[in-house]
Engineer: 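Can you keep this structure in mind? I'll have questions shortly.
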Amino acid sequence: MAYSEEEVQKLNGRKTILNCSTTDPNKILPMKYNWAREFYKTGIANNWTPDEVNMQKDVEMWMDPKALTEDERRLVMWNMGFFSTAESLTANNLVLSVYKHVTNPECRQYLLRQAFEEAIHTDTFIYCCDTLGLDPDEVYSMYEKIPSIKAKDDFVIDLTKSILDPNFSTEGTENMQKFVYDLVGFYVIMEGIFFYAGFAMMLSMLRQNKMIGVGEQFQFILRDESVHLDFGVHLINTIVEENPEIWTPEFKKSLRDNIIKSVELEIAYAEDCLPRGILGLNMETVGQYVKHIADRRLERINLEKEYGVENPFPWMSEIIDLKKEKNFFETRVTEYQSGGMLEW
Ligand code: MN
Ligand code: FE
């Protein structure tokens with residue numbers, strides 16, 4: 001028999017995201033955090049795999065020495081180098097630390113879906129290496145050898161050190177702050193800022209009909225990542241709502257400072273990807289885009305914005321919004337045929 005309204009309220013009244021010893025993590029019903037369930041369904045509706053994307057034109061372009069400039073090749077390689085390892089770094093953080101401490105079953109259901117999507121993203125870069133004949137040794141060591149990539153990864157790894165400690169628990173104000181600080185590091189900084197200069201650069205190439213298969217893969221990843229970010233924001237804001245004592249002026253300042261620091265790293269990365277600019281894209285504009293999205297991220301977690309700059313790439317929002325399309329996979333072929341890359 002279904003739960004009565006009264007029973008649901010009684011059971012859910014005791015549920016919290018963190019430190020909830022009164023509910024069983026194996027009992028997902030009745031649900032309290034319906035948003036987590038919605039994110040799960042959105043993830044399922046956006047299902048894709050990299051081998052659905054045809055790479056023939058990319059292979060031809062990549063092999064033709066005259067089809068791309070040195071700078072365009074550098075842009076592609078630097079993004080391969082960052083994303084190929086960033087995806088597994090994200091997956092590891094998710095499974096080894098977020099999943100451990102977020103015991104709420106409806107959130108965990110989404111975390112499992114997200115982890116699967118990170119596996120798909122990891123697979124995407126395997127597929128790109130295979131089809132384009134890239135040297136895996138080169139691609140997978142760029143996060144250690146290219147300073148602007150290493151700086152971003154080190155920044156995220158550093159953030160997560162304290163909670164990866166096997167003795168870490170989220171009990172107490174200070175530990176909850178550590179955990180939220182870490183969630184901001186994964187979701188807002190890694191998935192919400194560090195991925196976005198790359199998305200903008202690769203999708204700008206796609207708009208010019210260059211490396212369209214890779215561009216389409218990045219478009220799918222962007223769609224997934226924007227949902228991951230949205231879930232992360234809900235998770236962070238709900239934890240703060242349930243534990244208002246953690247939201248002190250000092251704590252807010254530490255989060256804000258960290259986001260601002262990450263913007264500097266992301267801009268340094270963009271400059272390194274794009275030292276001389278390419279057609280339709282220069283690092284100043286990419287930098288402005290990073291600042292614009294950082295403001296949006298700050299506002300979403302109820303922090304004051306920093307930069308106040310306009311979005312130089314309004315077409316990026318259009319791509320992100322496409323995720324609301326239910327039958328995305330049925331429509332995308334005609335969209336490409338009739339729309340043309342430059343008209344997004
Ligand atoms: Mn991902
Ligand atoms: Fe992600």
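Just follow the structure's listing: the first ligand is 1, and inside any ligand the first atom is 1.
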Engineer: Does Phe231 have Arg113 sitting over its ring (NZ/CZ under 6.0 Å from centre, angle to axis within 45°)?
Structural biologist: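 No - Arg113 does not lie over the ring of Phe231 by the 6.0 Å and 45° rule.
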Engineer: What protein N/O/S atoms are there under 2.8 Å from the Mn ion (ligand 1), waters excluded?
Structural biologist: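 Per the 2.8 Å query on the Mn ion (ligand 1), atoms found are Glu87 OE1, Glu118 OE1, His121 ND1, Glu225 OE2.
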Engineer: I want to check something: taking the side chain as every heavy atom from C-beta on, are Phe220 and Glu52 in contact at a cut-off of under 4.5 Å?
Structural biologist: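 Phe220 does not reach Glu52 side chain to side chain.
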Engineer: Mind checking whether His101 and Phe179 have parallel, tilted or perpendicular rings, split at 30° and 60°?
Structural biologist: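 Perpendicular: the ring planes of His101 and Phe179 meet at over 60°.
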Engineer: Should the pair Phe39 and His234 be assigned to parallel (<30°), tilted (30 to 60°) or perpendicular (>60°) ring geometry?
Structural biologist: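 The rings of Phe39 and His234 stand perpendicular, inter-plane angle above 60°.
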Engineer: Quick one: closest heavy-atom pair of Ala67 and Glu72, and the distance?
Structural biologist: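 Taking every non-hydrogen atom into account, O-OE1, 4.3 Å.
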Engineer: By atom name, which N, O or S atom belonging to His228 lies closest to the Fe ion (ligand 2)?
Structural biologist: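 The Fe ion (ligand 2) is closest to the His228 atom ND1, counting only N, O or S.
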Engineer: Under the side chain to side chain contact (heavy atoms under 4.5 Å, CB included) test, which residues partner Leu265, sequence neighbours left out?
Structural biologist: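 For Leu265 the side chain to side chain contact (heavy atoms under 4.5 Å, CB included) partners, ignoring immediate neighbours, are Ala151, Lys152, Phe155, Phe194.
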Engineer: Phe218 and Phe125: aromatic ring centres closer than 6.0 Å?
Structural biologist: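 Yes, close enough.
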Engineer: Rounded to 10°, how big is the angle at the Fe ion (ligand 2) from Glu191 OE2 to Glu225 OE1?
Structural biologist: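 Rounded to 10°, it measures 90°.
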Engineer: For the Fe ion (ligand 2), does an N/O/S atom of Glu87 lie at less than 2.8 Å?
Structural biologist: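 Here the distance criterion (N, O or S atom, under 2.8 Å) is not met by Glu87, so no.
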Engineer: Counting the benzene-type ring for Trp, do His292 and Phe313 have ring centres under 6.0 Å apart?
Structural biologist: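 No - the distance between ring centres of His292 and Phe313 does not fall below the 6.0 Å cut-off.
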Engineer: Quick one: sort the Phe195 and Phe83 rings into parallel, tilted or perpendicular, breaks at 30° and 60°.
Structural biologist: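 Taking Phe83 first and then Phe195, their aromatic rings sit tilted (interplane angle of 30° to 60°).
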Engineer: Has Asp224 got an N, O or S atom lying less than 2.8 Å from the Fe ion (ligand 2)?
Structural biologist: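 So Asp224 does not bind the Fe ion (ligand 2) by this criterion.
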Engineer: So, His121 and the Fe ion (ligand 2): N/O/S under 2.8 Å, yes or no?
Structural biologist: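 Short answer: no, not a single N, O or S atom is under the cut-off.
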Engineer: Among the N/O/S atoms of Glu118, which is closest to the Fe ion (ligand 2)? Give the atom name.
Structural biologist: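 So the atom name we want here is OE2.
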